[in-house]
Protein chains: 2
Amino acid sequence: MNAAADEQLKQARDEFVAQWGALGTQWGINRTMAQIHALLMTAPTPQSTDEVMEELEISRGNAHTNLKELVAWGLVRIVVKKGDRREYFEAEKDVWKIFTTVARERKRREIDPALDVLRKCAEISEEIDTPDGKAFFEQMRQLEEFVEFASKMADRISGMKHGFALQMAAKLLG
Amino acid sequence: MNAAADEQLKQARDEFVAQWGALGTQWGINRTMAQIHALLMTAPTPQSTDEVMEELEISRGNAHTNLKELVAWGLVRIVVKKGDRREYFEAEKDVWKIFTTVARERKRREIDPALDVLRKCAEISEEIDTPDGKAFFEQMRQLEEFVEFASKMADRISGMKHGFALQMAAKLLG
DNA sequence: AACAAATTTCGGAAATTTCTGAAAGAACGA
DNA sequence: TCGTTCTTTCAGAAATTTCCGAAATTTGTT
């Protein structure tokens, strides 16, 4: 039978989960969350909290917190099976959807707060009537302008359908 | 006199440095590094290690390590003044250059390693001849394809001149 | 060479983040 | 209502990251 194949697959998935977790750290998201994401992206069926705990050898609290965090990001859905009170978790597998979701979320968490800071600093420095003051204001204004631009681009791109994005990219890369 | 204006400017800069530092944490880079970057981006002249230490109230070791890290990123240049043995540090202030530098560096640190992982996982799963094995391989392949695409886009965009990027963006946003 | 001034390194401390394990809180059925 | 099963929360422990301070090294001067 294909017990050998199953074993190989398990090894490959374990490798992916471990490495994806390590990458997650590099990206500023926590290892467990990245591991769970990798696990669910490659799971043939939705997984329960207990299955995730067992697979990754982590505590219930840890599994729970990170699963819910992934749900909050919009990368994972909760699935309920009838006749079963447990929640099961299923990851979005479409790469373009994953990308747009992450882009939207990172915009919200990284770009928007930066804009707030820059606007505030531009505002409080606008009136300073010295050369250094003007230079500071100008720097804030330029940063603000750029981040605003980035914000709009992020909205645009993450609103695109895959096909359209590809088409645009082809023009860019070709 | 403009002692009042100077005081206002100092407050505005301090605000920017503090907030930019806090944002840095969100972005997965360390607070001090982000603070130094903010400080240098808004400094009228290149600053010495001692000036940075004093301004941010941090140790010499910390200042040194993070200054050199910023230099390694390519966001800060070392400047030498004649008749002075000290090194001074000056940040790139052009927002487009900052952006392309960060884009290149993040590609190198985040995208390229992910590609390696995905290629390896695709390779070791290619031969697995079961439905789940094929599904796993296919998922790896799709992720790989997408990340490769992202990699090329990053190269393209970070190689652009500001004017050209704006032009392209106008088409996208307009 | 001897000294002074600056840079670099690094062991351990401090701060922050992440995780565990257990208790508390819901949801549901009997 | 009571018991069972699953979910959620959270205080303290563990792990990781960041930082300090001081010693070691390098660079340049006399």
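What you see below is based on every heavy atom in this structure, not just the backbone, and it leaves out hydrogens, waters and symmetry mates. Below, read A as the first sequence line, B as the second, and so on, with proteins coming before strands; counting in each chain starts at 1.
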Return the polar atom pairs (N/O with N/O) between nucleotides 23-28 of chain C and the protein under 3.5 Å, or none.
| residue | atom | partner | partner atom | Å |
| --- | --- | --- | --- | --- |
| dA27(C) | N3 | Arg85(A) | NH2 | 2.9 |

Any Lys/Arg nitrogen of Lys10(B) or Asp14(B) sitting under 4.0 Å from an Asp/Glu carboxylate oxygen of the other?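 Yes, charged N to carboxylate O under 4.0 Å.
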Between Lys134(B) and Asp129(B), is there a side-chain N and carboxylate O pair less than 4.0 Å apart?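 Counted as a salt bridge, because a side-chain N and a carboxylate O are separated by less than 4.0 Å.
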Starting at atom [atom1] of [X], determine the distance to atom [atom2] of [N], rounded to an integer number of angstrom.
{"X": "Glu69(A)", "N": "dT9(D)", "atom1": "CD", "atom2": "C1'", "result": "15 Å"}
{"X": "Arg86(B)", "N": "dT8(C)", "atom1": "CZ", "atom2": "P", "result": "15 Å"}
{"X": "Asp50(B)", "N": "dA5(C)", "atom1": "CG", "atom2": "P", "result": "13 Å"}
{"X": "Leu67(B)", "N": "dA6(C)", "atom1": "CG", "atom2": "P", "result": "15 Å"}
{"X": "Lys68(A)", "N": "dT8(D)", "atom1": "NZ", "atom2": "C1'", "result": "8 Å"}
{"X": "Ile36(B)", "N": "dT18(D)", "atom1": "CD1", "atom2": "P", "result": "13 Å"}
{"X": "Asp84(A)", "N": "dT7(D)", "atom1": "CG", "atom2": "C1'", "result": "14 Å"}
{"X": "Ile78(A)", "N": "dT7(D)", "atom1": "CD1", "atom2": "P", "result": "9 Å"}

Residue-phosphate contact under 4.0 Å: His64(B) side-chain N/O, dT8(C) OP1/OP2: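 So the side chain of His64(B) is within the cut-off, an N or O lying under 4.0 Å from OP1 or OP2 of dT8(C).
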ring-ring contact (aromatic ring centres under 6.0 Å, His included) partners of [range], not counting sequence neighbours, each pair once:
{"range": "residues 23-59 of chain A", "answer": "Trp20(A)-Trp27(A)"}
{"range": "residues 109-134 of chain A", "answer": "none"}
{"range": "residues 79-99 of chain B", "answer": "Phe146(A)-Phe99(B), Trp96(B)-Phe99(B), Trp96(B)-His162(B)"}

Summary of salt bridge (Lys or Arg N to Asp or Glu O under 4.0 Å) pairs that have at least one residue in residues 29-45 of chain B, sequence neighbours excluded: none
Sequence neighbours excluded - salt bridge (Lys or Arg N to Asp or Glu O under 4.0 Å) pairs with any residue from residues 44-53 of chain A: Asp50(A)-Arg60(A)
Tabulate atom names and distances for all N/O pairs under 3.5 angstrom spanning the protein and nucleotides 11-19 of chain C.
| residue | atom | partner | partner atom | Å |
| --- | --- | --- | --- | --- |
| dC19(C) | OP1 | Thr32(A) | OG1 | 2.4 |
| dC19(C) | OP2 | Thr32(A) | OG1 | 3.2 |
| dC19(C) | OP2 | Asn62(A) | OD1 | 3.2 |
| dC19(C) | O5' | Asn62(A) | ND2 | 3.4 |

List for me each residue that meets ring-ring contact (aromatic ring centres under 6.0 Å, His included) alongside Phe137(B), sequence neighbours excluded, and say none if there are none. none
Supply the members, apart from Val80(A), of the Ile/Leu/Val/Met/Phe/Trp/Tyr cluster built from side-chain contacts under 4.5 Å; use none for a lone residue.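 Members other than Val80(A) - counting any ILVMFWY side chain reachable under 4.5 Å - there are none.
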Five pairs per end, C1' atoms only: what is the angle between the end axes of the helix from dA1(C)-dT30(D) to dA30(C)-dT1(D), to 10 degrees?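 Between the axes fitted at each end of the helix from dA1(C)-dT30(D) to dA30(C)-dT1(D) lies an angle of 10°.
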Side-chain polar contacts of residues 116-125 of chain B - donor-acceptor pairs under 3.5 angstrom, sequence neighbours left out - could you list them?
| residue | atom | partner | partner atom | Å |
| --- | --- | --- | --- | --- |
| Arg119(B) | NH2 | Glu148(B) | OE2 | 2.7 |
| Lys120(B) | NZ | Glu15(A) | OE2 | 3.0 |
| Ser125(B) | OG | Cys121(B) | O | 2.8 |
| Ser125(B) | OG | Ala122(B) | O | 3.2 |

Using heavy atoms to find the nearest nucleotide of DNA chain D for Glu87(A) and Gly61(B) separately, return the residue whose nucleotide is more 5′.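 Result of the comparison: Glu87(A).
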Just distance, no hydrogens or angles: give the donor-acceptor pairs under 3.5 Å from side chains in residues 107-115 of chain A, sequence neighbours left out.
| residue | atom | partner | partner atom | Å |
| --- | --- | --- | --- | --- |
| Lys107(A) | NZ | Asp112(A) | OD1 | 3.2 |
| Lys107(A) | NZ | Asp112(A) | OD2 | 3.4 |
| Arg108(A) | NH2 | Glu105(A) | OE2 | 2.8 |
| Arg109(A) | NE | Glu105(A) | OE2 | 3.1 |
| Arg109(A) | NH2 | Glu105(A) | OE2 | 3.0 |
| Glu110(A) | OE2 | Arg106(A) | NE | 3.4 |

